[in-house]
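For reference, the structure is listed below as structure tokens.
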There are 2 protein chains.
Amino acid sequence: MTDTAGPGPAGPRSAGPVRSSAVERRILDAALRLFAERGFDGTSVQGIVEAAEVTKGALYHYFDSKDDLLYEIYHSLIARQLADLGDVLARGLPPREAVRAVLTGLIRSTAEHIDEAKVFSREMHRLDGARMRSVRADRRRYHVTFRGLVEKGQRAGVFSDATPAETVTIVALGMVNQMPSWYRADGPKPAARLADEVAGFILTALEGGASAR
Amino acid sequence: MTDTAGPGPAGPRSAGPVRSSAVERRILDAALRLFAERGFDGTSVQGIVEAAEVTKGALYHYFDSKDDLLYEIYHSLIARQLADLGDVLARGLPPREAVRAVLTGLIRSTAEHIDEAKVFSREMHRLDGARMRSVRADRRRYHVTFRGLVEKGQRAGVFSDATPAETVTIVALGMVNQMPSWYRADGPKPAARLADEVAGFILTALEGGASAR
DNA sequence: GCCAGAAAACCGACCGGTCGGTATGCACCT
DNA sequence: AGGTGCATACCGACCGGTCGGTTTTCTGGC
């Protein structure tokens, strides 16, 4: 196993600064940019090392394979999302405020790291078995946690249970996961406003309608 | 140009059986299945011809390139979606029923042709300039038409205008476009029920909240 | 009914080029 | 003197696409 599933979501590391030399980061940045721009298969290893201004030897010194780069990108994205989610949960907000905080935070964060999200949504299927399982498990944890938040609100009578929490989750996270295909940082609407609108829309549906309790 | 864009959407043809020989369809079917399963770059032309039980010569007799196969898949998907949309519009339903009909139809149709949708969402960026523009234009038409439906309801006072129609469209179509990443035909929930739940959820948000008019 | 000739359908060996990855060497630091 | 951090040259596999040729189907004259 790849030890990616620690107890805490990206908790403090014992010995910190060993991770990621400058060269390592340059490679990762270049890979991210090129993957987002041309896709994984459309990007050659040679292209990455040229963009990062290093040599192939350096790349294969730090990474096992091209797929390794992909996994690093995925992992950093999911780790950040789970950490943000954990932060909100730790604040112990009531359901409505919790859902709003999670959704707006997720949308803002996705907008801010749109390249990672783009690569993720487009090339996730390329991962090999073990890594695929690890990434999927993390994604599922996020999904289940969000759904649990909705369920909690439904049980408390704050949200209508006309629509199953699973379906609500699918709609909300579906919008977020689709962002890479249309969101542009220089677009007309700031991410923060978009986030507020979407959260407001989802909450309206959750609160409106026939409250069955 | 490939003359695939006739006047009517797949309407009756003057002299029919020229289009799509059995071999042509076998190739397209195999390509669709393999693209959905392994991705475009992960699928070799050799693999396609073996799966279709034809030879490479036959494939390049009917298609110009591997990319050609992709475009055919995209085009058939979008053509169907636009045709369905047109059918609903032609019925002249009031906004609420129109939105419901479009959404449930789109979700059911996407579930039914999930492989096409999967290839589409994953590999759209691979198209070259001219074809990319054509596909994007069709997608945009769908988006704008749907948004127009929402706007019409808002102007009529049937829908709340608390959330901009554009944002509503982003949420609704975002869910649909994300379906390929999780929907399974053998899943626990039939597509028809899912479609009803989602449409109900979106309509609740559209009708609920403070109606500003 | 038949046959010649043309056109469409199809075959499969082959090619140029690219790509991910490796082998080996060397400078520098400790 | 040995390990880390690279550089460079190179490899074998594979891939999309081509091309000369063969088979099958269609067409029209008789």
Side-chain angles (χ1 to χ4, degrees), chain A residues 15-35 37-74 119 123 125-132, chain B residues 2-3 13-35 37-74 119 123 125-129 131:
Chain A
V18 211
R19 193 91 194 127
S20 277
S21 71
V23 170
E24 216 171 332
R25 233 187 312 264
R26 282 229 308 282
I27 293 173
L28 238 20
D29 284 351
L32 172 57
R33 217 184 57 233
L34 291 177
F35 288 167
E37 191 179 314
R38 315 180 196 171
F40 182 79
D41 292 295
T43 303
S44 68
V45 172
Q46 194 58 41
I48 297 172
V49 304
E50 278 165 19
E53 292 180 286
V54 300
T55 61
K56 234 180 190 184
L59 190 151
Y60 278 97
H61 176 72
Y62 288 108
F63 301 95
D64 288 341
S65 66
K66 195 185 171 190
D67 284 41
D68 217 30
L69 296 170
L70 250 197
Y71 181 73
E72 289 296 323
I73 291 170
Y74 292 169
V119 174
E123 322 272 4
H125 69 285
R126 292 206 46 95
L127 284 177
D128 55 280
R131 284 169 171 171
M132 175 70 95
Chain B
T2 43
D3 101 311
R13 253 165 229 283
S14 45
V18 211
R19 187 89 196 131
S20 276
S21 69
V23 170
E24 217 171 329
R25 231 187 314 263
R26 282 228 307 281
I27 293 172
L28 239 19
D29 285 351
L32 172 58
R33 217 184 57 233
L34 291 177
F35 288 167
E37 191 180 311
R38 316 181 196 168
F40 182 79
D41 292 295
T43 303
S44 67
V45 172
Q46 194 57 43
I48 296 172
V49 304
E50 278 165 18
E53 292 180 288
V54 300
T55 60
K56 230 181 193 184
L59 190 152
Y60 279 97
H61 176 72
Y62 288 108
F63 301 95
D64 288 342
S65 66
K66 196 184 171 192
D67 284 40
D68 216 29
L69 295 170
L70 251 196
Y71 181 73
E72 288 296 322
I73 291 170
Y74 292 168
V119 173
E123 322 272 4
H125 68 285
R126 289 206 48 92
L127 285 178
D128 54 282
R131 285 168 171 172

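The figures here come from the full heavy-atom set of this structure, side chains too, leaving out hydrogens, waters and symmetry mates. By convention in this document, chain letters (A, B, ...) are assigned in the order of the sequence lines, proteins followed by strands, and residues within each chain are numbered from 1.
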- [ ] Using modelled atom types only, decide if a donor and an acceptor are shared between the side chain of Tyr74(B) and the backbone of Glu123(B) within a distance under 3.5 Å.
- [x] yes
- [ ] Locate the shortest heavy-atom distance separating Tyr60(A) from Ser65(A); write the atom from each residue and the value.
- [x] CE2-CA, 4.0 Å
Open item on the list: Protein within reach of the bases, or only the backbone? For nucleotides 21-26 of chain D, mark each nucleotide 5' to 3' as B, S or -, using heavy atoms under 4.0 Å.
Closed with: ------
Open item on the list: Could you measure the distance from the CZ atom of Arg33(B) to the CZ atom of Arg38(B)? Nearest 0.5 Å is fine.
Closed with: 8.5 Å
- [ ] Measure the CZ-CG distance between Arg26(A) and Leu59(A) for me, rounded to the nearest 0.5 Å.
- [x] 12.0 Å
Distance-only donor-acceptor hits, side chain of residues 45-57 of chain B, under 3.5 Å, sequence neighbours excluded:
{"unit_1": "Gln46(B)", "atom_1": "NE2", "unit_2": "Glu50(B)", "atom_2": "OE2", "d": "3.4"}

Task: Value rounded to 0.5 Å, distance of CD in Glu72(B) from CG in Asp67(B) - done: 12.0 Å
- [ ] Please lay out, stage by stage, how Arg131(A) and Asp68(A) fare under the test salt bridge (charged side-chain N to carboxylate O under 4.0 Å, His left out).
- [x] CA-CA 9 Å; Arg131(A) 284 169 171 171; Asp68(A) 217 30; 2.4 Å; yes
TODO: Encode nucleotides 11-30 of chain C as B, S and - characters from 5' to 3', where the letter depends on protein heavy atoms closer than 4.0 Å: B to the base, S only to sugar-phosphate, - to neither.
DONE: BB------SBBB--------
Open item on the list: If you compare every side-chain N and O of His61(A) against the phosphate oxygens of dC6(D) (OP1, OP2), does one of them come in below 4.0 Å?
Closed with: no
TODO: Provide, to the nearest angstrom, the distance between the CD atom belonging to Glu24(B) and the P atom belonging to dA8(C).
DONE: 15 Å
- [ ] Determine, for Phe40(A) and Arg126(A), whether the Lys NZ or Arg CZ falls below 6.0 Å from the six-membered ring centre while staying within 45 degrees of the axis.
- [x] no
Task: Atom pair distance, as rounded to whole Å: CD1 in Ile27(A) and P in dG5(D) - done: 12 Å
